[in-house]
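One structure is given here, and the rest of the page talks about it.
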Amino acid sequence: MFYIYCPYCGEHREEEEFHPKGQAHLERPKEPEACSDEEWGDYLFFRDNPRGVHHEMWVHAVGCRKFFNVTRHTVSYEILETYKMGEQPSITADSQSQAREGAAVSQQEGVRA
Amino acid sequence: MSNAATFDTRTETAIPVESPLAYSYRRSGAPQAGGPSRLQLRERAMLGHLILRGGAIVLDEAVRDVLGLNLPGQPQTLVQDASGERSIQWLSPDEWLVIVPGGEEFPLETKLREQLGSAHFAISDVSGGQTLIELSGEAARELLMKTVVYDVHPSHFPVGKGVTTVFAKATTILRRPSEDRWELVIRRSFADYCYRWLLDAGAEFGINVQQ
Amino acid sequence: MSQSKQQVYRLNTGGRIDRSRTLSFTFNGQRYQGHPGDTLASALLANGIDIVNRSFKYSRPRGIVAAGAEEPNAIVQLGSSEAAQVPNVRATQQALYDGLTASSTNGWPNVQRDLMGLFGKLGGQFMPPGFYYKTFMAPASMWLTYEKYIRKAAGLGRSPMEADPDNYDHFNQHCDVLVVGAGAAGLAAALAAARSGARVMVADEQEEMGGSLLASRETLEGKPADQWVARVLDELASCENVTLLPRTTANGYHDHNFVTLHERRTEHLGDTAPVENGHRQVRARLHRVRAGQVILSTGTHERPLVYAGNDVPGNLLAGAVSTYIRRYGVAPGRKLVLSTSNDYGYRAALDWKEAGCKVVAIVDAREVPAGDWVDAARAQGIKIITGCAVIEAKGSNRVTAARVAKIDIEAFKVTGPVQELACDTIASSGGYSPVIHLASHTGARPTWRDDILGFVPGLVKGVQACGGANGCYALGDVLAEGVEAGIKAAAAMGHAVQTVTLPSAERLQQGPAVALFQVPHEKPTLRGPKQFVDLQNDVTAAGIELATREGFESIEHIKRYTAMGFGTDQGKLGNINGMAIAARCLNRSIPEVGTTVFRPNYTPVTFGAIVGRHCRDLFDPERYTALHQWHVERGAEFEDVGQWKRPWYYPQKVNGKTETMHEAVARECLAVREKVGILDASTLGKIDIQGPDAREFLARIYTNKWEKLAVGKCRYGLMCKDDGMVTDDGVTSCLAENHFLMTTTTGGAAAILEWLELWHQTEWPELDVYFSSVTDHWATMTITGPEARKLLAEISDLDLDRDSFKFMDWRSGNVAGVPARVYRISFTGELTFEINVQANYAMHVWQTLFKHGEKYGLTPYGTETMHVLRAEKGFIIVGQETDGSVTPEDLGMQWAIGYDKPYSWIGKRALTRSDTKRENRKQLVGLRPKDPKVILEEGAQIVFDPNHAIPMPMVGHVTSSYYSPILDSGFALAVVKGGHQKLGETVYLPMADGQTFEAEIVSTIFYDPKGERQNV
């Protein structure tokens, strides 16, 4: 059961209030008719399935009903950040591999009740 | 005036009305504890409920002028007038719930629309679609802990707060208008389920239903 | 029932039991006595009950081994009545109460003389690991027969056959710091965190908090340790910010510090909950805790040594022996042999001696043991045999002797002569395993530490382990670790901690332990007597060795092959020994063999606690319309549509006989076609759409055009996903230039609102439009049939003239004195008015309609009649005619596709993909059975050639099928490959029973093809 910080409500809320909506940052092609069948198929059906940092869209369904993005680690399930629709993540797979060389994240840092 | 249709769903004529809990009272009754009760439940039926949508900057002045209340801009806040009869609650960055005495909602909507003119906003009357249940008594918080997933500890849920959250397997808007009172805004179609849930979960506290 | 027996093993003094009161209880039909403060296990031991169960696979007699959650054998069935039955209760965790009734879980027909025992004696050769797979796999058809007997013989406990009278519930908890385990470390941590003002929860699985301190021979501040426990508990209980939960097991540790606690509130009082103030108390409660910080102070499980015959009753853990003596005032035997690899084990011998019983010998695997407890044992005159171990326990129903010999651990050999020591109890200690179960639920891998010969937990964010759970065993250090963890956790949550003064603990000198897991025997493991590793699952050292020989190298594979650590046991006693044995066989180190993973739940949780209040009529929400009571009183049968209860049909009594569904639906259908019917359509989703860009938004989200829909008009709309497949439909009305009311399918309401918000919030935020659900606000009453206008005219001020209120118009006015919006749309093909009023007025309007409708034959109809009537007209139901693979064109609804709309609306691009354009797609058609009496089966597969060899190519299926009263014939809708080009052709429907039905492909519109009836 995740504990998810809703960037619109400004607090952590229980997973039961949210629905996951799949991979984030999928933009609908501006000119669908200009897409080949293959390009359109890619947009419709093909998704990333990374081991590690992943950007997902969620909606605070039982709450403010806003869609937002979550950067989540698919192995530890740790949520690294959440951010509003239209914003870009500050943590990515690349930035994480660089950070790993730095100091380890403190074990004591927890989520607030 | 915004180019939207307004519709007064109420009538002055004396027509029998049924609150969302009408069937539930007949079906499940309204239990009265024999001795002192630690928990009271009371429906405040037939109030006017409006959903107000728009940007906070757009709505703020009109709400202050027409309703006499500041539009709560902070998430999870509930603002009410001195009598506690009129309130406005933040639901999302562009959505608020206004609850007023029954019958006030249509004049209020009309005045707000006049005041807001051609700005982009929306007002939807949902008075028939939901009802307000009030819980009081020392066991109210324990009952809520059995019922909603949100943290209702006083340090986390002070007076003047309101949230939309999970109610058992349904949903609710939960608010705390005063130290000893909680309010649940329940959707009509779920009302019987919610009522039966509250009676069942409240039985051990000797729940008392005031009609 | 025989007379109560005496508590022959009860000590005269000591323990935390109340000897002034006697409780009686029944075990396997015999009556016994115990005292308040006893567990069922301590009471059984006091009464000299050696055999508490038969083992799972070999059916060997088994006795009590442990004193806590790790007990593998004393698994009992509780309950004095059928309804109160609870399986899989550990006797070591069950408080004794007066009248407790328990029986052994395994043992058919009884534990003392077991038919399966013969099998068990021979079992070594007959039941190697993988036995079930190898023996019972073939033939597959016999598996059900095998399984019945295997299960009966194995006996996994049984569920009650009657309804449980008790109540259960869930509590949603939030706290800053959750402390799991209230032993020395946990209490110290809780105290530190509590003094900071943080919200603290403390859960402990035992009857009393205090853990090992309750039975410790160590002192704090020079006084018995339990006095410190009492003081700390008093302080914690007085703190408003602290919640103490005794009898509460943390069973699962889930993502983001979500921990489930199973609180047993009344299970120490009786087998059903007591009634108080007329209400039965909540028997068990599941706390769903979201904790900011978690402190795991779960302590340790002592690791038994693995030697031959170590499962014979009378073999116990050394620590359990101490606990029974010091906490429960029971010495579980008379003559003890202790086999140990470390100093800690010595305490059992000291306690035993002090209890007045005979210690035959301490057998220490170390050559030169040294330490304070070793010295104490010497001072007591206890015989210590060094460099040796108990290699075998003799006896069948109870230990009769210990075979002791010198061993070489490195060479894994017995190196000296064997001496036999007569005794009735063998206690063993192979050291401690930190209880890391909860930590491993999070997916964090534990780490092996050579210095403590055990795994310490891997930790995710926001969790600490302290004390025994962290591999720290000296009391003073344990307390210090606890305080530190409490301070850190509180600080992480923003609470500053005042200083906490530690009580002074004794500093004991300890000698190093030796790594001993499996004890060698004179015979090789595979040929010698059985040495049990996992007592609950009957896994032996030989079984593990065999598994490694058969090629299983990973501990995860070995576990699955042998069943080690399975089920309710979760490897509490056996896993580390099993890994050590596998490591020896594979000539690797323990961490190289793998780490061990435990799964939730830590100990069994009753279904009652899992289900909580979500049962019986609260299992799932039932959504009602404002007219529900009327439907109930009218005797409606209800259909579940999502969570809604919708009237399905209204059976009437005709000549004292209740109509069948077929009869009722036929009557309702004809009433609509010939007179007037009424449907409660309030469940349809309704979304209020406002804003200057509302029209543009509709044009993008629907497949058809909206630019010209005038105020006062309604239009049917079809929605696709971007893959071009139909996802919802409904009528949307233009209320004002910038204001629309969208209706959705009943089941799709919430999803469609979310769908609109998704596109608005993510792709088209520039469109000025808002959406709000008004589904529950409006009640919708559909009157339909030739007499509908006359009826409505009687109670309405609306101008209902066919030319001023046209088909697909909406108007507002009063109906039965109530302001209403009336929509002239039709789902039946008849003249129809959908009356919408604010739901609080609905009952009045509905009743008024009936008051006036009687003379017109007004008939309420349900969803079944609605389905028949719409199918006669070829109207689709999304989710019935469609399944996520059907395009608007497949449905023959080209008329609802605006290919030339300026914006590339949702679904448009996909409709020009080669796959969606191909001609042999499955297309919606009507089917008329050749025999009008035939009602085709919904879902039946369609073939073109019934003489084709099997497998026949299937070309489609029936999506809807009914009997039409107006046509007096069966009819159906179906999807058929290339169906639109096959009107008039015959298709075949081969059924499971060998029959084949014939049907003709026809138009989807079976009735009134020109649509004249709705347009009158």
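So you know, we letter chains A, B, ... as the sequences are listed, proteins then strands, and number each from 1. Predicted model, so just to flag it, every value in this text is computed and none were measured.
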### Query
So B:E142 and C:F171, side chain to side chain contact (heavy atoms under 4.5 Å, CB included) or not? Walk me through it.
CA-CA 8 Å; B:E142 273 177 90; C:F171 249 52; 4.2 Å; yes
What part of [X] is in contact with chain C, defined as an atom under 4.5 angstrom from a non-hydrogen atom: side chain, backbone, both or neither?
| X | answer |
| --- | --- |
| B:V152 | neither |
| B:A201 | both |
| B:D125 | both |

Largest heavy-atom contact set with chain B, pairs under 4.5 Å, which of [options]:
| options | value |
| --- | --- |
| C:R623, C:H844, C:H279 | C:R623 |
| C:M843, C:E276, C:Q281 | C:M843 |
| C:Q847, C:Q173, C:R821 | C:R821 |
| C:S682, C:A626, C:A694 | C:A626 |
| C:L735, C:V837, C:V769 | C:V769 |
| C:Q838, C:H777, C:H739 | C:H777 |

Check the surroundings of atom [atom1] in [X]: do more than 12 heavy atoms from other residues, nucleotides or ligands lie under 6.0 Å from it?
| X | atom1 | value |
| --- | --- | --- |
| C:E240 | CD | no |
| C:K713 | NZ | yes |
| C:F850 | CZ | yes |
| B:E61 | CD | no |

Minimum heavy-atom distance between [X] and [Y], given as atom pair plus value:
| X | Y | value |
| --- | --- | --- |
| B:A5 | C:A736 | N-CB, 3.4 Å |
| B:W197 | C:L618 | N-CD2, 3.7 Å |
| C:H174 | B:V149 | CE1-O, 3.0 Å |
| C:P621 | B:Y193 | CA-CD1, 3.4 Å |

#### Entry: Carboxylate-amine/guanidinium proximity below 4.0 Å for B:E204 and C:R285
yes
### Query
Is C:D688 paired with B:R53 through a side-chain N to carboxylate O contact shorter than 4.0 Å?
no
### Task
With ring pair (Phe, Tyr, Trp, His ring centres under 6.0 Å) as the test, would you mind laying out the steps for B:H120 and C:Y770 before giving the verdict?
CA-CA 9 Å; B:H120 171 47; C:Y770 287 115; 4.5 Å; yes
Is [X] close to chain B through its backbone or its side chain, or both, or neither, when contacts mean heavy atoms under 4.5 Å?
| X | result |
| --- | --- |
| C:T683 | neither |
| C:Q643 | side chain |
| C:D620 | both |
| C:F740 | neither |
| C:V632 | side chain |
| C:H628 | side chain |
| C:A779 | neither |
| C:D617 | both |
| C:A842 | neither |

### Query
What's the spacing between C:Y624 OH and B:S189 OG if we round to 0.5 Å?
11.0 Å
### Task
Would you sort out whether C:D776 and B:V126 count as a side chain to side chain contact (heavy atoms under 4.5 Å, CB included), showing the intermediate values?
CA-CA 8 Å; C:D776 288 28; B:V126 292; over 6 Å; no
### Task
Could you check which of B:A170, B:A122, B:A191 has the highest count of heavy-atom pairs closer than 4.5 Å to chain C?
B:A122
With a strict 4.5 Å heavy-atom criterion, list every residue of [range] that contacts chain C, or say none.
| range | answer |
| --- | --- |
| residues 42-52 of chain B | B:M46, B:I51 |
| residues 160-169 of chain B | B:A168, B:K169 |
| residues 14-27 of chain B | B:I15, B:P16, B:V17, B:E18, B:S19, B:P20, B:Y23, B:R26, B:R27 |
| residues 130-137 of chain B | none |

### Query
For C:K645 and B:D192, what are the C-alpha separation, side-chain angles and deciding distance, and is it a salt bridge (charged side-chain N to carboxylate O under 4.0 Å, His left out)?
CA-CA 12 Å; C:K645 291 279 176 196; B:D192 185 69; over 6 Å; no
### Query
Is B:T11 close to C:Y841 at the side-chain level, that is, under 4.5 Å between some pair of heavy atoms?
yes
### Query
Are B:F7 and C:P819 close enough that some pair of their side-chain heavy atoms sits under 4.5 Å apart?
yes
#### Entry: side chain to side chain contact (heavy atoms under 4.5 Å, CB included) evaluation trace for B:R187 with C:T775
CA-CA 10 Å; B:R187 282 182 73 172; C:T775 302; 4.0 Å; yes
### Message
If we count only N and O atoms by modelled type, under 3.5 Å, do the side chains of C:N840 and B:R188 hold a donor and an acceptor together?
### Response
yes
### Message
If we ignore hydrogens and angles and just use 3.5 Å, is the side chain of C:H170 paired with the main-chain N or O of B:K146 as donor and acceptor?
### Response
no
### Query
Taking the side chain from C:Q690 and the backbone from B:I123, do they hold a donor-acceptor pair closer than 3.5 Å?
yes
### Task
Start with the C-alpha distance between C:W778 and B:T9, add both sets of side-chain angles, then the distance that settles side chain to side chain contact (heavy atoms under 4.5 Å, CB included), and finish with yes or no.
CA-CA 10 Å; C:W778 297 101; B:T9 60; 4.0 Å; yes
